[in-house]
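Down below is the structure, laid out as C-alpha cells.
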Amino acid sequence: MEKVNNGLETIAFGGNTFPEDYGVKMDFTLPGGFLFGVSYSADQTEGGDVDSSWNDWYRKGKIKDGSDPAKCVDHWKRWKEDADLMKELGVKVCRMGLQWARIEPKEGEFDEKVIDRYREEIQYIKSLGIKPLVTIHHFGNPMWFEEKGGFLKDENLDLFLDYGKYMAERLGDIVSEWLTINEPSVYAFRGYLGYDCPPGHDSRDEYYTVLSNLCYCHVVLSQAIHIQREEMGYTDTMVSVPNHLRVFEPKNPSSLYHRFCTNSVKKAFQTAAQKALLTGEYTWPLKNRHKVQRGEFADFLAVNYYSRSTVSSMADGTREDCYRNDLGWEIYPEGITEVCKEAYEILPRPIWITENGTCDNAGVFRNRFIAEHLEQIAKSGLPVERYYHWCFTDNFEWLEGMSAKFGLVKVDPKTHERTPKAAFDFYKALIEKNGVDKEVYDMYIKNQHYLKKKIEF
Ligand code: BGC
C-alpha cells in the first residue's frame with residue numbers, strides 16, 4: 001500500500017496499483033466554441049440570517065458537522081470578490097442562484113433592495129465578460145412556504161410560480177439564460193422519502209406527488225419566462241431544468257431481481273421525471289395531476305452528473321470495488337456521456353453540463369476527476385456545449401455542512417478568506433488550452449490518485 005499526501009492509504013484495485021497503471025494517456029481538445037464555467041447556488045453560499053428551510057434545518061440540529069448555513073461562505077457580502085476570482089479563472093459562463101427566502105421573506109412581499117442587489121451582482125458579472133445562468137429554485141424554501149406544506153399542496157404551487165414569474169419580470173432585461181428548479185427528483189426524494197432533508201417526511205406517495213407537482217411547475221414557469229421576455233422584446237431566451245442524472249446498473253446483471261429493481265428505481269427516480277419535465281409525458285410513477293399538455297419544455301439539456309448507482313434492492317447502492325470520492329460516491333467518468341445520450345433521446349437539444357465535480361477534501365484527485373469527465377465528453381461526439389464545474393468555492397454541502405469540499409477555491413469557514421486551490425490553476429490551464437495536452441497532464445494530473453475510502457466526517 002502506498003500513502004498519498006493526505007495520509008490516507010490507497011488500496012490496490014482490480015490488479016492495478018496507482019498512479020502508474022491508470023493506463024490513461026490523456027490528450028484531448030474540446031470542440032471550438034466550447035464554454036467552461038463554474039456553478040454555485042444561493043442557499044449554499046450566500047449566508048445570512050434568512051428564514052429559509054435550510055437555516056431552519058440547522059436550527060433543528062440536523063447538519064452533521066453543525067455548520068450553520070447563515071455563516072457559511074458569506075457570498076452575499078463577498079460577491080464582488082468572487083466575481084473577480086471567476087474572471088481570474090477565465091470562465092466565460094457561470095451558474096448562480098437566487099434565494100427565494102431572501103427575496104420574498106413574507107408571502108407576497110418582495111424585498112426590492114435584495115432584488116436590486118442581485119441586479120448589481122449580475123451586471124457586474126456581465127461587465128467582466130461572464131454570462132450568468134440563473135437558477136430560480138435550488139432546494140431552499142422560505143419558511144412561510146414550507147409551513148403551508150410546500151410543493152406537496154396543490155394550492156401552494158401558484159405561490160412558487162408567482163415568485164418565479166416575478167423574478168423573470170425583474171431580471172428579464174439582464175438575464176437571458178434560466179434554470180427553473182434544481183434537481184426536482186433529488187429535492188422530492190430527499191425531503192419526502194425518508195432522506196433527512198427538509199421537511200424530513202418519509203412517504204412514497206408524497207414523493208410522487210411532490211415530484212409530479214415540480215414537473216408541472218417547471219413546465220408552467222419555463223413557458224412564462226419565454227412569454228415574459230418576448231413581451232420585453234427579447235428572442236434569445238434559453239430555459240431548462242437541471243436534472244441529477246445517474247447511471248443505474250444491477251449489482252449482479254444475471255439476477256432477474258437485481259435487474260427488476262434497477263429498472264424500477266431508475267424509472268421512479270430518473271426516467272419518469274426526465275420525460276415529464278422535458279416533454280410533459282407522464283409515466284409511472286408520476287401522475288399528470290394538473291393536465292399538462294405534451295410539448296418541448298427545454299431549450300437545452302441541463303445535466304448534473306456525479307456518479308453511478310449499483311442496485312440490488314429497491315434502494316440506491318454503490319459497488320464495492322470502485323474508486324470513490326470522499327463521500328463514498330463511485331467515480332465513473334464514462335457515465336457522463338451515458339446519461340447525456342439518454343437525455344438526448346428524450347429531447348434532442350444542445351447539452352450543458354450544469355454540475356459536475358467531486359468531494360476531494362485533500363485535493364488529491366479533483367483535477368483527474370474533471371479531466372477524465374471532460375475527456376469522455378470530448379470523445380463522445382455529443383453536442384455538449386458547456387461545462388459548469390461544481391462548485392466554484394467550497395460551500396455548504398447540505399447535510400454534510402462545510403466539511404465536504406467541492407470547490408476550486410478554499411473558503412475558511414471562520415474568516416471566509418478565499419484561497420484558490422491547485423485545482424483553480426489546473427482549471428485555468430484547461431480553459432486556456434481548451435483541453436488537456438501533455439504539459440497540462442504532466443503538471444496537474446499525472447500525480448493525482450483516487451482513494452478507495454469514504455471519509456467519515
Ligand atoms: C446539488 C448541489 C450539491 C451537489 C453535490 C447536487 O445534487 O444540486 O446542491 O451541492 O449535488 O452534492
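Everything quoted here is computed from the prediction, not taken from an experiment. Each ligand, and each atom within it, is numbered from 1 in the order the structure gives.
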Atom indices of ligand 1, in the order listed, that fall short of 4.0 Å to a heavy atom of F406: 5 (C), 12 (O)

Quick test: of every protein heavy atom, which one is nearest to atom 1 (C) of ligand 1, and how far off is it to 0.1 Å? E355 OE1, 3.4 Å

Could you walk me through whether S41 and D43 satisfy the side-chain hydrogen bond (donor to acceptor under 3.5 Å, both in side chains) test, starting with their C-alpha distance in whole Å, then the side-chain angles of each, then the deciding distance to 0.1 Å, before giving a yes or no? CA-CA 6 Å; S41 84; D43 283 70; 5.8 Å; no

I need the contact type for N395 against ligand 1. Using non-hydrogen atoms and a strict under-4.0 Å cut-off, is it side chain, backbone, both or neither? neither

Hey, is W329 one of the residues with a heavy atom under 4.0 angstrom from ligand 1? yes

Using the ring centroid of each side chain, check whether F406 and H389 are separated by less than 6.0 Å. no

Which residue supplies the protein heavy atom nearest to atom 7 (O) of ligand 1, what is that atom called, and how far is it? E183 OE1, 2.5 Å

A student checking ligand 1 against Q44 at a 4.0 Å heavy-atom cut-off should list atoms 2 (C), 3 (C), 9 (O), 10 (O)

What residue and heavy atom of the protein are closest to atom 4 (C) of ligand 1, and at what distance? Y306 OH, 3.4 Å

Looking at ligand 1, would V186 count as a contact under a 4.0 Å heavy-atom criterion? no

For H138, state whether at least one heavy atom is located under 4.0 Å from any atom of ligand 1. yes

With sequence neighbours left out, write down each residue that passes side chain to side chain contact (heavy atoms under 4.5 Å, CB included) with T209, or none if nothing qualifies. L152, N213, R289

Could you tell me if R59 sits above the aromatic ring of W54, with its cationic atom closer than 6.0 Å to the ring centre and no more than 45 degrees from the axis? no

Starting from atom 12 (O) of ligand 1, find the nearest protein heavy-atom neighbour and note its residue, name and distance. E397 OE2, 2.4 Å

Which option wins on minimum heavy-atom distance to atom 3 (C) of ligand 1: F139, W398, Y40? W398

Filter on salt bridge (Lys or Arg N to Asp or Glu O under 4.0 Å), then keep only pairs touching residues 264-279, sequence neighbours left out; what's left? K266-E342

Passing option when Q44 is tested against V73, T393, N395 for side-chain contact (heavy atoms from CB on, under 4.5 Å): N395

Please determine if E183 and R190 form a salt bridge, counting it only when a charged side-chain N lies under 4.0 Å from a carboxylate O. no

Under the criterion side-chain contact (heavy atoms from CB on, under 4.5 Å), which of R319, R246, E249 is the partner of S309? R246

